[in-house]
Amino acid sequence: MKDQHSSWDIRLEHLRVGYGSRVVLDDINAVLPGGKITVILGESGCGKSTLLRHVIGLSRPMQGHILYGGQDLFALPERQFRRVRRRFGVLFQDGALLGSLTLAENVGLPLHEHTRLPKATIRSTVLRILDLVGLAEFADYYPNELSGGMKKRGGLARAIVTEPPLLFCDEPTSGLDPINSAQMDQLLLDMRKAYPEMTLIVVSHDRYFIDVVSNKIIEIENGKSHSYNCRYEEYSIQKRTQRAIDLKHYINQQKEIKKIQESIDTLKSFNREKSIKRAESKEKQLAKIERIDRPENLPSAITVQFTPAIESGYDVLKVTDLSMRYDQMVFEHCNLDIKKGERVAIVGENGVGKTTLFKALVGQLPIDHGKIRFGSHVEMAYYDQEHESLNYNKTIFDEISDCYPRMTNQEIRSTLAMFNFRGDDVFKDIAMLSGGERGRVVLTEVLLKQANFLILDEPTNHLDISSKEVLEEALKSFEGTILFISHDRYFINKIATRVIEVQKDQCLSYNGNYDDYLAQKTPVVETTQKVVTEARQRQIIDKKTKNEIKKLERTIDSLEKEINSLKEELTSEEVMNNYKKYNEITDSIDEKEMELMEIMEKWEQLQS
């Protein structure tokens, strides 16, 4: 996919965007490097999708520039503007397939609109792209005959059918179960191999997805942007560390400014010519100081610890040959054996009956066949993703007070404050709350039950990232047993000690977390033919390539040592107290990490 624009960097300079007179993002400055995968990350409602709409030219910014290869997108003549935009592939959240067209017809639309290719050529191109996303056999299906994961992959196929140099994806894993999310991860990674010069810009808050596909993150927070050249795991650590250091630099500078100002005031109070001159000299010194803005506070997160009132027996839950049906069979032959202290994730395709299983366990649905037995001293608390346990006619305060009448007003307020309900917020009507707020009320009730067995159905739905991280730590330290459903693969990875996949006719158990589940589910099978093929491929690498690989490895080793040395230098007291020196070192680290990324890519290409 050679193209004169394929390696364009996208630069955002002093960008202000919003709706009408309402500013959503202000003074956004960022570089989205060409030929890379960049993730735009942030909490729900922070403006990620709004920013994406402006970057792809659907909305004009209030102020600032969006530069493609140095050219301002919105300063281009109309014809050139349209020509540039035709080079964009876009995957919207819903996949946006037209119900009246087959999958193949949907995918072929951009070719019909922007090319004069013969129908036969368009058909063969479409089938090739559908094969890439694993949907060739469904080419003549209509969207209503496809699953949610298939529709999303169909939308991706339509976005890349013209082989665009720039691909924009808005929440590509949103609404997908873990199995389909993993397929989307792999698809985007495979696309990078098929089209190595393609630039991918992805809006996402799926932490696992970000960790897998990208090492360039642009975070949107409090209307500003911050760039990180790393994967999500390291970004999370860097963010908190950087915030603490920035605050320390700000406080130190404020002390310095206060000290100089007090000296100026003292000198002026003497009212002598020499003292006034010294005061004026210090005022000039004060004016030259480059002021550091106070770091904005991190978004408020919940603070929570689940403590069981009593200890359960070793055997917590035994499910034997359970079947559930409505008009038709949902699932059958489900067998579970949950022991004390386990944290078990339930996964499976959307619609397989995971929530139905949980409702049967807590007695909300009658079972069709089989047995459900709880062990001795098991006290259960259930988190329902639909929040059906809440009374929508009550306030938050009344909901808790009525459920726990022995609690004092202060105890209720203190508990609700742990879940970010403070002041008059506790008197909000439940009917007026957002999904995330209702979820926090249900979590409050789960905590107050002091149960030793938590059954949680999508507990991270609608929670912001910082609150998810707090919940993860609380559940990891919980001394009881947890059975949970989640689409959040990062959450599963952090929490689970075992994963159970529910299928239509069986339940399969895998020890370990989500990564372990994937490794066991898709074992590497090496056939004789594969070994022979790899041997032949290795023989093709000539001496020159081998020498180049060794040279790159030496450079990689040297750069890694330099980066580690600079990072160690950052932790010294001298540097932490000198914000100018600190900024110089962090800039140097960023430069070397970018250089390292480029060399690693060259190394990987030579290895393959």
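As the structure is a prediction and not an experimental result, all values here were calculated from the model.
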Is it the case that more than 12 heavy atoms not belonging to R11 sit under 6.0 Å from its CZ atom? no
Could you check whether E234 and Y228, counting side-chain N and O atoms only, form a donor-acceptor pair closer than 3.5 Å? no
With a 3.5 Å distance limit and no angle check, can you tell me whether D457 reaches the backbone of D384 through a side-chain donor-acceptor pair? no
Can E105 and R123 be said to form a salt bridge (Lys or Arg N to Asp or Glu O under 4.0 Å), step by step? CA-CA 9 Å; E105 289 168 341; R123 175 75 179 182; over 6 Å; no
Would you check if the side chain of N511 reaches a backbone N or O of R498 as a donor-acceptor pair within less than 3.5 Å? no
Any Lys/Arg nitrogen of E332 or K504 sitting under 4.0 Å from an Asp/Glu carboxylate oxygen of the other? no
D170 side chain to S49 side chain, donor-acceptor N/O pair below 3.5 angstrom: yes
Any donor-acceptor pair under 3.5 Å linking the side-chain atoms of H333 with those of D505? no
Quick check: are there more than 12 heavy atoms from other residues, nucleotides or ligands sitting under 6.0 Å from NE2 of H205? no
Hey, is D488 close enough to R207 for a salt bridge, meaning N to O under 4.0 Å? yes
Check for a donor-acceptor pair, side chain of S558 on one end and backbone N or O of R554 on the other, with a separation under 3.5 Å. no
Are E458 and H487 linked by a side-chain donor-acceptor pair shorter than 3.5 Å? yes
Heavy atoms only: give me the nearest L456-P459 pair and the separation to one decimal. CB-CG, 3.9 Å
Parallel, tilted or perpendicular, as decided by the 30° and 60° cut-offs, for the rings of Y232 and Y235: tilted
What I want to find out is whether D177 reaches K152 closely enough, with some N-O distance under 4.0 Å, to be called a salt bridge. no
Is any NZ, NE, NH1 or NH2 atom of the basic residue among D211 and R231 found under 4.0 Å from an Asp or Glu carboxylate oxygen of the other? no
F484 ring center near F358 ring center (under 6.0 Å): no
Can you give me the closest heavy-atom contact between C46 and I220, atom names plus distance? O-CG2, 3.7 Å
For a side-chain contact (heavy atoms from CB on, under 4.5 Å) with L357, tell me which candidate from I485, L336, V330 qualifies. L336
For the side chain of H369 and the backbone of D321, is there at least one donor-acceptor N/O pair under 3.5 Å apart? yes
Are side-chain N/O atoms of E78 and Q80 paired as donor and acceptor at under 3.5 Å? no
Other residues, nucleotides, ligands: >12 heavy atoms within 6.0 Å of Y141 OH: no
Any Lys/Arg nitrogen of E163 or R128 sitting under 4.0 Å from an Asp/Glu carboxylate oxygen of the other? yes
The residue among D185, T173, I492 that forms side-chain contact (heavy atoms from CB on, under 4.5 Å) with Y208 is D185
Validation row: M198, M191 side chains within 4.5 angstrom (heavy atoms): yes
Can you tell me which residue among V84, I56, L67, I10 is in a side-chain contact (heavy atoms from CB on, under 4.5 Å) with L73? V84
Compute whether any side-chain donor of one residue and acceptor of the other, for Q503 and Q506, lie under 3.5 angstrom apart. yes
Taken in chain and number order and not counting sequence neighbours, the residues that satisfy ring pair (Phe, Tyr, Trp, His ring centres under 6.0 Å) with F81 are F74
Hey, does I28 have a side-chain heavy atom less than 4.5 Å from the side chain of V17? no
Between K224 and D27, is there a side-chain N and carboxylate O pair less than 4.0 Å apart? no
So which of E233, E472, E469 actually passes side-chain hydrogen bond (donor to acceptor under 3.5 Å, both in side chains) with Y490? E233
